[in-house]
Structure formats: structure tokens, C-alpha cells
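Sequence lines set the chain letters: A, B, ... in the order given, protein chains first and strands last, and positions in each chain run from 1.
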2 protein chains.
Amino acid sequence: MIMKYKTVIVDDHPIVISGISGLLSDLDNIEIVEKFESGIALLDYIEDNKVDLILMDIFLPVINGVDLCKTIKQKHPRIVIIGMSSQSERSLVMQFIQNGGNGYILKNASFDEFKECIYKAIDGEIVFSEEVKTIISQPLSEDLERIPGLSRRERDIALLLSQGKSTQEIADDLFLSFLTVQTHRRNILQKYKMKNVAELIAFLLKNNMLN
Amino acid sequence: MIMKYKTVIVDDHPIVISGISGLLSDLDNIEIVEKFESGIALLDYIEDNKVDLILMDIFLPVINGVDLCKTIKQKHPRIVIIGMSSQSERSLVMQFIQNGGNGYILKNASFDEFKECIYKAIDGEIVFSEEVKTIISQPLSEDLERIPGLSRRERDIALLLSQGKSTQEIADDLFLSFLTVQTHRRNILQKYKMKNVAELIAFLLKNNMLN
DNA sequence: GCGGCAATACCTGATAAAATGTATTTTTTA
DNA sequence: TAAAAAATACATTTTATCAGGTATTGCCGC
């Protein structure tokens, strides 16, 4: 008798679970042992059951896939975990891999891509579907890379700026001198080479640097 | 012999197509005649083939589901079209229905919900999955409702503002008088009761009103 | 214990934006 | 086709921002 990889699927979309099930049923050495619509149920399950491979959606309710992966890998480093999502960004994929993920597949991948990735992942490789490769390889040299973060105070001030507060109002809110706030504003603008607050706010929001 | 509803699935995610196929194969009077990963291929197909029901993803490459629905309904008003997406907003669903869509299902709906919606839709009802109902019913009285849109010119100017352009630069870019741009700026700020451009840009971006 | 960073604070001149009021033309739509 | 909405333009006053340079204090890591 052949040893089959005990596989769990986690996705909050029933039809996606169904689709992946169908796909995996073609693969001889994969056995789907459970399907979950949330990460919490999965965490319970792996405590009491042997699992070799997990296919998980990244955008899950309650606990997201990136955190879920980290939690699982801390206790069960040998479980192979592949992340999936419909759209994605470089930083998200990188964080997932950094948290121990063994691969990342975009849901628009073909069946063959899915299968190949899964096989390679259980062989120990870190795998990415084609479009993910494009996403993570592209913006290496660009300015998108290595953007310095806001300091605590700068973030506070940027947040209040995005709420339409004036320098004086921010100073009052934070019990600072008008001049201090002015300095922070200038520093932020200079740091990102922005012409004015409007451009700054657009930049910060697009890069999820506020909140 | 029973007449079966000739059904087409459009989704750019192969696994979703597979999932829906599996689901629909349970239904006696539904026959899946084709599957597409883009709207263009679908438009070609329906010119030469009889189709009764279309299940389509809203977020498709090249042409989105909302526009696709409109195009199809203009030529083939009798085809029943059900929209699907992972996440959604009120305005998107409403626009889809206004364009002739016969229903809208969130992809996190259960199999039973899917089946029920499909049956009701081919019976002539306008159907929504549970979560969609919640989305479209909730924010009726709230301020979230009835936010007036930007006019074309206003959108142009707001976009340039988000790029850090000054009034004079915008005037030069759009071949307008400095004073005209000033008036537009004022009108936009007044329309949304924003204190300054920073707050405005934050507001517009959070509500996906730029681009 | 020193260098660097973050946070605080100050001064000033030039420039830009915000608030107010008005008015004409064009385009859209009911 | 008449009414409404959008786009255009002008003038003025007040207020805020931007950009330049400077400086002190506290904290963290090497």
C-alpha cells in the first residue's frame, strides 16, 4: 500500500474547496482528509490528527493565512503549507514565506501549475505559480523597494494630516509646539520626496503605511 | 427527454470553474456547455450557440463582469446572468443588476445557497445570496449612502492633486485657467465637506473614487 | 561613552491654498 | 426644448504650507 500525503484544504469559499478537491483527486499520492472554512477549526484539527500538507487561502475570516501559517509552523514545522489567493502583492507573499510557507499559488493558475507546485512542494522545494514569480521578481531595483518606515511620531502626525487637521490642530491634539509639528511634517515630506501633503497621503495609503 | 438549461461558466480561476462545475453536475436540469476564462471568448460563443444561463465572475481580466453583462443583455435579453465575486460592495451589485443581471452570489455562499439561487433565477426571480442581501440592505440610512460622484473634470483634477500637483501645475496640464482649477478644487472640497486636500485625497482613496 | 536617530523647538521669507462672492458658456438630461 | 448640471473664468482676503537653516535633549545599540 502506498503512503498518501494527508492533505487539508482551508478556504472560506465552498466552491473553491470543491474545485481544489476535484483537482487533487487526480493525484495518486494525495489524500484529502479534511476541509475547513476557517483557520480556527484547522488549528484544532492538527492537534489531534496527522497532516502532511495544507492548502490555505490567505484571505480568511478571523485569522488570516499569513498569521495562521506562522502559528502552525511553530508547532508543526514539518507540515508543508501552500498559500493561495486571488490577487496578491509582493510583500504579502514574502511575509508568508518568511513565516514558513512552502509556496504560493495564485488562484488563476492552471490545473497543471497547481499540480506541479504541489508535487515540488512536498519534495521540499519552495514553489510559486507563474504569476506569483512575476510579482515577486519585478520590483527589485525599483523605488518600491526598501522604503523607510515612519517613526511613531511621524505616523501619528501623518494620520492626523489624513484627517484634514492643520499643523496647529495637530499640535494641540498631541500637546506639541506648532513648530515641532512643522518639523515633523517637513521630515516626512523629505523622507519620501513628496511635494505636499496630498501626494504624501496618497502615497502612504497606497502603501498601507497608515494604520 | 428533459430540456436542460444550457449553461456557461466564466471565471478566470480554473479551480473556481471546476468547483462550480461539480456543484452544477448535481442539478438535473442544468447542462454545462462551455467554460471560459475571459469575457471576450464568451461574447464570441453566444453569437453562434444557444445559451440559457451564464454564471460569471465580476472581476475578470480585460472586460469586467458588469460591462460584460450589459453587452450581453443588449443582444440577448433572455439569457439569465448571475454574477459572482469574492468580496463586494453595494454599488457594484446594484450596477450589475441595473445592467440586467438576474442575481448576485458571493463565492463564500454554501452549495445549497448556490443551488437555490440558480433555481430561482431561471424561474425569473432576481436572486441574492445571504451575505449579498446583508450588503445591499444595510447602509440605507447611513452617510455611506448617496455620496455624490466626482464629475469627469473633478476626477481629473483630484487625480492630479493626489500626484502632488499645485493648482497652477494642474491648470497648465489641463490647459485651463488657474482660476478654473481653483473653482473646481473648491467645489470638490465643498461637495464632500472636506477641510483640505489631504483629507479629500484620503477620503477619495478609501472610497475607491480615484481611478 | 559615543554616534546616530527620534523627538522636540525656534525663525523667516516665499508661495500656495482656502474661503467668499459672482458670472458665463457648454453639455447633459428629463 | 427647457431646466439642471458641469465646466469655465475672474477678483480678493485670510490663512496655511513649504523650504531654508539651526539647535537641544533623550534613548538605544555597538
Side-chain angles (χ1 to χ4, degrees), chain A residues 145-205 207 209-211, chain B residues 66-67 70 74 91 94-95 98-100 145-205 207 209-211:
Chain A
E145 196 63 9
R146 197 180 55 283
I147 40 174
L150 289 167
S151 73
R152 240 162 307 161
R153 222 19 164 191
E154 286 171 348
R155 212 193 110 281
D156 292 344
I157 287 168
L159 191 62
L160 291 170
L161 283 173
S162 78
Q163 290 162 14
K165 299 272 176 79
S166 71
T167 304
Q168 188 57 61
E169 286 172 325
I170 294 171
D172 294 344
D173 279 15
L174 301 178
F175 304 106
L176 293 175
S177 154
F178 172 90
L179 298 151
T180 305
V181 177
Q182 201 171 262
T183 304
H184 281 301
R185 287 182 66 137
R186 177 183 39 186
N187 290 342
I188 305 172
L189 286 178
Q190 255 167 12
K191 187 185 289 190
Y192 301 113
K193 298 188 180 61
M194 294 290 146
K195 283 196 276 290
N196 53 41
V197 202
E199 192 185 12
L200 175 71
I201 297 299
F203 171 80
L204 294 177
L205 283 176
N207 289 88
M209 293 169 70
L210 281 183
N211 277 331
Chain B
V66 177
D67 295 341
K70 191 177 186 179
Q74 277 167 351
S91 64
M94 296 316 259
Q95 215 189 325
Q98 204 147 4
N99 284 358
E145 192 60 13
R146 195 180 57 286
I147 39 173
L150 290 167
S151 73
R152 237 162 308 160
R153 224 11 163 196
E154 287 171 348
R155 212 192 109 281
D156 292 344
I157 286 168
L159 191 62
L160 292 170
L161 284 173
S162 78
Q163 291 163 12
K165 300 271 176 80
S166 71
T167 303
Q168 188 58 61
E169 286 173 324
I170 295 171
D172 294 345
D173 279 14
L174 301 178
F175 304 106
L176 293 176
S177 155
F178 172 89
L179 299 151
T180 303
V181 177
Q182 200 170 265
T183 303
H184 281 301
R185 288 183 65 137
R186 174 183 42 184
N187 289 342
I188 304 171
L189 287 178
Q190 251 167 15
K191 187 186 289 190
Y192 302 112
K193 297 188 181 62
M194 295 288 145
K195 284 196 275 292
N196 53 40
V197 203
E199 192 186 12
L200 175 72
I201 298 299
F203 170 80
L204 294 177
L205 284 176
N207 290 87
M209 292 170 70
L210 283 183
N211 276 330

In whole angstroms, the gap separating P of C:dA6 from CG of A:L174 amounts to 18 Å
To the nearest 0.5 Å, atom CD1 of A:I201 lies from atom CD of B:E199 at 10.5 Å
- Message: For a quick test of reading the model: is some side-chain N or O of A:R153 closer than 4.0 Å to OP1 or OP2 of C:dT8?
- Response: yes
d(A:S162 OG, B:L200 CG) to nearest 0.5 Å is 12.0 Å
Non-hydrogen side-chain atoms of B:D67 and B:K70 separated by less than 4.5 Å: no
Do the side-chain N or O atoms of A:R185 get closer than 4.0 angstrom to the phosphate oxygens (OP1, OP2) of D:dC18? yes
Readout for nucleotides 19-30 of chain D: B = base within 4.0 Å of protein heavy atom, S = sugar-phosphate only, - = neither; 5' to 3' it is BBBB--------
To the nearest 10 degrees, the angle between the two end axes of the helix from C:dG1-D:dC30 to C:dA30-D:dT1 (five pairs per end) comes to 80°
B:F178 atom CZ is separated from D:dA11 atom P, nearest whole Å, by 12 Å
Contacts of B:F175 and B:N196 projected onto DNA chain D by closest heavy atom; the upstream (5') one is B:F175
Rounding to 0.5 Å, atoms CD (A:Q182) and CG (A:N187) come to a distance of 11.0 Å
Closest heavy-atom pair, B:L150 versus B:Y192, reported as atoms and distance to 0.1 Å, is N-OH, 3.4 Å
Nearest heavy-atom contact between A:A198 and B:V197 is CB-CG1, 3.9 Å
message = At less than 4.0 Å, is any side-chain N or O atom of B:S177 found next to OP1 or OP2 of D:dC10? Yes or no.
response = yes
Query raised in the report: For A:K193, does the NZ atom sit with more than 12 other heavy atoms under 6.0 Å from it, leaving out its own atoms?
Result: no
Problem - Phosphate OP1/OP2 of C:dA9: any A:T180 side-chain N/O under 4.0 Å - result: yes
Determine: side-chain N/O of B:H184 to OP1/OP2 of D:dA6, distance under 4.0 Å, yes or no.
no
Rounded to whole Å, NZ of B:K193 lies from P of C:dA18 at a distance of 17 Å
- Decide side chain to side chain contact (heavy atoms under 4.5 Å, CB included) for B:I188 and B:K191; before the verdict, give the C-alpha distance in whole Å, the side-chain angles of both, and the deciding distance to 0.1 Å. CA-CA 5 Å; B:I188 304 171; B:K191 187 186 289 190; 5.6 Å; no
Rounded to whole Å, NZ of A:K165 lies from C1' of D:dA16 at a distance of 16 Å
A:L150 atom CG is separated from C:dC5 atom P, nearest whole Å, by 16 Å
Rounded to whole Å, the CD-P distance (A:Q168 to C:dA18) equals 17 Å
The answer to which of A:L161 and B:R152 contacts DNA chain D further toward the 5' end, by nearest nucleotide, is B:R152
Could you walk me through whether B:R153 and B:D156 pass the salt bridge (charged side-chain N to carboxylate O under 4.0 Å, His left out) test, one step at a time? CA-CA 5 Å; B:R153 224 11 163 196; B:D156 292 344; 3.5 Å; yes
(message) Under 4.0 Å, counting only non-hydrogen atoms across every strand here, what does B:N187 touch: a base, just sugar-phosphate, or nothing?
(response) nothing
>> Checking B:L160 against B:Q163 for the side chain to side chain contact (heavy atoms under 4.5 Å, CB included) test, could you report, in this order, the C-alpha distance in whole Å, the side-chain angles of both residues, the deciding distance, and whether it holds?
In response: CA-CA 5 Å; B:L160 292 170; B:Q163 291 163 12; 3.6 Å; yes
To the nearest angstrom, the CD1-P distance between A:I170 and C:dT8 comes to 13 Å
When rounded to whole Å, the CG to P distance for the pair B:L179 and C:dA17 reads 13 Å
